[in-house]
Amino acid sequence: MKLAVYPGSFDPLTNGHVDIIERGTRLFDKIVVAILVNVEKSPLFSMQERVEIVREVFKGHPNVEVDTFEGLLVDYVAARKADVIVRGLRALSDFEAEFQMALMNRRLSPHIETVFMMPAEQYTYISSRLIKEVFALGGRVSGLVPDTVETRLREKLAAQPAR
Ligand code: PNS
C-alpha cells in the first residue's frame, strides 16, 4: 500500500488543501493529513478543532486519515512506515522555502521523497493566513474554505468580545 503524508498547520484547512488531498488520493492508496502540534503559539483553531474539520470534510473517504505529529516530520513519516511527503506548491514564492525543506528532509532521510502538487488555479492565491485576515476584517471567504470552516470562523468572530 502506498501511503503518503501531507503535513502542515492547517489553521484552518482551505479549499486549496482539500484540492491537494483529493488529487493525492488519486496517486496514493492513502493520504495521512498530519497536523503539526504547536506550530504557532496562538493558533486560531485548536488542534482538536483542526482534526475535527478534516474528519468532517473527508467523512466517508476511508483513504484520507487525519493525525497529529510533533518533532521532526521525517521521524513521523518513518514511524508511519510511509516514504512520501506531499506538499502543495501554489506559486513561485512558495518554491524557495519548500525547496529548502524538501532538501533538508532528504538529507535527514534520503529514502523519503517529497512530491509537489499544484492546486487548481482558482486556489493558487489562498493561504490559511489570508483567510484568517480577510475574515477577521469582515471580508467574504465563501468558496475558499469548506463550509464547516466558514461556520466555525463565524462562531469564533461572534464569540469575540466587542471592541
Ligand atoms: O502548513 P505549513 O506551516 O507550511 O507546514 C510546515 C510543516 C509542518 C510541513 C513544517 O514546519 C514541518 O515539517 N515541521 C516539523 C518539524 C520539522 O521536521 N522541521 C524540519 C523541516 S525541514
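Numbering of residues begins at 1 and proceeds along the displayed sequence. Whatever order the structure lists them in is the order used to number ligands and atoms, beginning at 1.
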Element-labelled atoms of ligand 1 that are located less than 4.0 Å from some non-hydrogen atom of [X]:
X: M101; result: 10 (C), 22 (S)
X: L72; result: 17 (C), 18 (O)
X: G71; result: 15 (C), 16 (C)
X: L73; result: 13 (O), 17 (C), 18 (O)
X: M104; result: 22 (S)

State whether the number of non-hydrogen atoms from other residues, nucleotides or ligands found under 6.0 Å of L92 atom CG is greater than 12.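 No, not enclosed.
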Side-chain heavy atoms of [X] within contact of [Y], under 4.5 Å:
X: E49; Y: P12; answer: no
X: F69; Y: L36; answer: yes
X: I53; Y: V66; answer: no

Pairs of nitrogen or oxygen atoms closer than 3.5 Å, one from R87 and one from ligand 1: do any exist? yes
Is S9 close to ligand 1, meaning an N/O of one under 3.5 Å from an N/O of the other? yes
List the residues meeting side chain to side chain contact (heavy atoms under 4.5 Å, CB included) with K2, not counting sequence neighbours, and say none if there are none. F28, D29, D83, V84
Counting only heavy atoms, which portion of Q100 has something under 4.0 Å from ligand 1: side chain, backbone, both, or neither?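 No part of Q100 is near ligand 1 at this cut-off.
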Is ligand 1 under 4.0 Å from a heavy atom in the side chain of L36, in the backbone, in both, or in neither? side chain
Partners passing salt bridge (charged side-chain N to carboxylate O under 4.0 Å, His left out) against E22 (at least two apart in sequence or in another chain): none
Does the side chain of R140 come under 3.5 Å of the side chain of S142 through a donor N or O and an acceptor N or O? yes
